[in-house]
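Inspection log for the structure reproduced underneath, given as structure tokens.
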Amino acid sequence: MRTCYAGQVSTDRLDQVVTLFGWVHRRRDHGGVIFIDLRDREGLAQVVCDPDRAEMFAVAERIRSEYCVRITGKVRRRPAGTENANLRSGQIEILCHELEILNASVTPPFQLDDENLSETTRLTHRVLDLRRPQMQNNLMLRYRVSIEVRKYLDTLGFVDIETPMLTKSTPEGARDYLVPSRVNAGQFFALPQSPQLFKQLLMVSGFDRYYQITKCFRDEDLRADRQPEFTQIDCETSFLSEIEIRAIFEEMVRHVFQTVIGVELPKQFPTMPYSEAMRLYGSDKPDLRVKLQFTDLTEVMKDVDFKVFSAAANMEGGRVVGLRVPGGGEMTRSAIDAYTQFVAIYGARGLAYIKVNDASKGRDGLQSPIVKNLHDAALDAILSRTGAANGDLIFFGADKAKVVNDAIGALRTRIGHSEFGRRTGLMETGWRPLWVTDFPMFEYDEEDARWVACHHPFTSPKDGHEDYLEADPGRCLAKAYDMVLNGWEIGGGSVRIHREEVQNKVFRALKIGPEEARAKFGFLLDALQYGAPPHGGIAFGLDRIVTMMTGAESIRDVIAFPKTQRAQCLLTQAPSAVDEKQLRELHIRLRTPEPAKA
């Protein structure tokens with residue numbers, strides 16, 4: 001039986017005999033004495049194999065990296081000068097008495113301490129990748145976050161209740177993963193995008209405090225912070241206001257950060273309306289560590305000769321903004337060109353700028369190709385509104401509001417995170433949480449000529465906004481809220497609609513007729529008739545929270561077996577073809593894909 005983990009052996013066990021299990025991290029032969037670094041999930045321990053125990057030493061000579069072994073030996077201090085302060089076991093070593101090979105290993109495809117592995121290599125050989133200390137630490141931290149969430153919610157009377165994985169396909173904003181039913185030919189289950197409808201049903205059922213750490217599935221394009229299957233800390237509660245709900249879960253996040261990684265978040269998270277976030281940052285998840293803000297210049301640019309600005313300023317839904325970068329005058333033309341290419345990713349057709357060499361000289365102190373096309377009143381307004389000083393640079397965005405917000409908002413973050421931003425103090429360190437509130441209920445889909453829900457169709461309008469649902473949906477704000485941390489949305493939720501008549505108004509605003517509503521959501525509408533309580537909740541992205549805590553570059557580094565950006569598992573080679581018999585049982589026939597058009 002194991003005495004303890006290898007990484008936990010310390011001076012507390014001096015002169016004791018211990019039995020350890022683990023993997024050979026490294027084997028070193030030092031002139032007849034063999035040293036083995038034994039590794040397990042808690043770390044490393046140095047094992048010394050002397051030749052005076054011939055049988056044990058013969059086994060040690062056969063051992064290679066990644067062999068699985070058992071060792072029994074006596075704990076002693078390391079000789080002076082050989083201690084390793086970076087290891088918990090760095091003051092001791094184990095003089096090996098017995099050594100058993102539990103299983104040999106073929107030569108691994110890479111060294112576990114190689115820091116230059118490609119992600120493809122890591123994901124293909126994920127079992128070995130997960131043996132690496134940083135991956136072990138990431139997953140152990142993820143486990144501790146889950147435990148602390150459960151502890152916190154348990155003290156407040158929340159009950160962990162599972163909801164179905166095979167459910168009905170309902171429109172929730174992304175594509176569903178569909179599962180064909182063998183028993184019910186031609187019909188399909190959907191994997192849940194979230195437990196949204198079921199947790200509302202649980203509120204109607206009287207389970208007034210529910211939570212679940214659960215898998216959710218969305219068939220959408222992937223990026224660093226998105227996976228086709230992801231883990232959500234899903235919570236719902238009855239009889240509480242929006243303010244009370246936010247207070248509970250703000251404290252939960254503070255508790256988890258303090259307990260797991262020793263970080264004290266602010267005692268009260270600041271709150272910002274969605275409209276203010278978009279006005280100042282062009283984003284509903286602004287990174288408040290970056291000390292840059294938008295200056296709206298739309299009205300100023302309506303009558304300038306520079307058509308890029310005036311056309312956007314006079315366009316319905318257009319916007320012109322300036323982004324002052326203190327000290328940005330030192331940027332080279334190549335750096336500005338690189339930023340121009342960057343904003344093109346977000347639909348921007350260019351990136352105008354002005355360098356402020358000497359603000360006291362008016363237009364003569366400004367450097368830019370666009371200055372000649374801007375009248376003096378516009379230039380004065382730019383300088384006064386942005387507060388630009390000598391040596392500053394002002395970037396401009398001019399287009400439809402969405403393009404400007406996306407492009408200049410991303411530029412703001414990129415500059416802040418750059419070497420220039422960190423060097424010049426435009427980027428703070430630490431943790432900056434934020435609640436973003438008062439989201440629009442709807443946004444207009446030009447292609448389909450209809451309003452669509454910004455969150456989901458079960459979000460309650462703010463008090464007094466129910467009349468806008470049919471008269472003017474664009475004015476309607478929602479009791480919706482997102483928790484943002486350092487530019488990442490880590491949680492989002494809302495107060496739900498608990499009255500059938502309000503829910504029906506929302507469906508009408510979305511042009512979901514009675515028959516369609518009954519077909520898709522009949523079970524929810526029926527439940528709302530049985531004294532449904534006021535309720536609301538929030539869901540947190542566990543993967544994102546752990547990614548931020550570990551400082552990992554991607555959520556794939558905190559998920560045991562993730563998918564690639566093409567939604568593939570390189571370890572198991574999923575998805576894969578299935579045989580014809582399985583397809584026949586499911587009443588499915590595959591069509592040959594049509595060739596792509598030239």
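Any value given below was found using the heavy atoms of this structure, including those in side chains, with hydrogens, waters and symmetry copies removed.
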Salt bridge check: are R556 and E119 linked by an N-O gap of less than 4.0 Å? yes
Specify whether F396 and F309 have parallel, tilted or perpendicular ring planes, treating 30° as the upper limit for parallel and 60° as the lower limit for perpendicular. tilted
Give a yes or no on whether the backbone of E220 and the side-chain of R175 come within a donor-acceptor separation of less than 3.5 Å. no
Pair D160-Y210, side-chain hydrogen bond (donor to acceptor under 3.5 Å, both in side chains): steps then yes or no: CA-CA 6 Å; D160 183 356; Y210 142 94; over 6 Å; no
Does the cation-pi check pass for R496 over F458, that is, NZ or CZ under 6.0 Å from the six-membered ring centre and within 45° of its axis? no
Salt bridge check: are K151 and E148 linked by an N-O gap of less than 4.0 Å? yes
Looking at R209 and L156, would you say the former's side chain and the latter's main chain have a donor-acceptor pair under 3.5 Å? yes
I512 and R508, any side-chain heavy atoms less than 4.5 Å apart: no
Between Y444 and R450, does any side-chain donor sit less than 3.5 Å from a side-chain acceptor? no
Would you name the heavy atoms of T214 and P195 that are closest together and state the gap between them? CG2-CG, 3.8 Å
Report yes or no: does H465 contribute a side-chain atom to a donor-acceptor pair with the main-chain N or O of D463 at less than 3.5 Å? no
Could you check whether E489 pairs with K285 (Lys NZ or Arg NE/NH1/NH2 to Asp/Glu carboxylate O, under 4.0 Å)? no
Would you call the rings of F158 and F249 parallel, tilted or perpendicular, where under 30° means parallel and over 60° means perpendicular? perpendicular
L524, N504, V506 screened by side chain to side chain contact (heavy atoms under 4.5 Å, CB included) with I497, the one that passes: V506
Main-chain N/O of K563 paired to Q568 side chain as donor or acceptor, under 3.5 Å: no
With a 3.5 Å cut-off and no angle check, do the side chains of D287 and H417 form a donor-acceptor pair? yes
Is the NZ or CZ atom of R254 both under 6.0 Å from the centre of the six-membered ring of F269 and within 45° of that ring's axis? yes
One thing to verify: whether K505 and E501 come together as a salt bridge, which I'm taking to mean a side-chain N less than 4.0 angstrom from a carboxylate O. no
No-hydrogen, no-angle side-chain donor-acceptor test under 3.5 Å, D438 and Y481: no
Salt bridge (Lys or Arg N to Asp or Glu O under 4.0 Å), that's the test. Do R218 and D176 meet it? Break it down for me. CA-CA 6 Å; R218 293 178 187 172; D176 285 328; over 6 Å; no
Please confirm whether the backbone N or O of Y281 pairs with a side-chain atom of Q293, one donor and one acceptor, at under 3.5 Å? no
Mark yes or no for whether T259, through its side chain, and V256, through its backbone, hold a donor-acceptor pair below 3.5 Å. no
For S146 and V149, run side chain to side chain contact (heavy atoms under 4.5 Å, CB included): C-alpha distance rounded to whole Å, both residues' side-chain angles, the deciding distance at 0.1 Å, then the answer. CA-CA 5 Å; S146 296; V149 165; 5.8 Å; no
When you look at V321 and T295, which way does the side chain to side chain contact (heavy atoms under 4.5 Å, CB included) test go after all the steps? CA-CA 5 Å; V321 303; T295 300; over 6 Å; no
Validation row, ring centre F507 to ring centre F521 under 6.0 Å: yes
Has R319 got a side-chain atom pairing as donor or acceptor with D399's backbone, closer than 3.5 angstrom? no
For the residue pair R414 and F342, would you count it as a cation-pi contact if the rule is NZ or CZ under 6.0 angstrom from the ring centre and within 45 degrees of the ring axis? yes
Where do L240 and T237 land on the side chain to side chain contact (heavy atoms under 4.5 Å, CB included) test, with the steps shown first? CA-CA 7 Å; L240 295 181; T237 184; 3.8 Å; yes
Could you tell me whether a side-chain N or O of S205 sits under 3.5 Å from a main-chain N or O of F207, the two making a donor and an acceptor? no
Examine the side chains of T163 and Q212 and answer whether a donor and an acceptor come within less than 3.5 Å of each other. yes
Is a side-chain donor-acceptor pair under 3.5 Å present for E250 with W435? yes
When you measure from the side chain of R246 to the backbone N and O of S241, does any donor-acceptor pair fall under 3.5 Å? no
For Y152 and H255, which heavy atoms make the closest approach, and how far apart are they? CB-CD2, 4.0 Å
Lys/Arg N to Asp/Glu carboxylate O, R279 vs D296, below 4.0 Å: no
After noting the C-alpha distance and the side-chain angles of T167 and F189, does the key distance pass the side chain to side chain contact (heavy atoms under 4.5 Å, CB included) rule? CA-CA 5 Å; T167 184; F189 294 106; over 6 Å; no
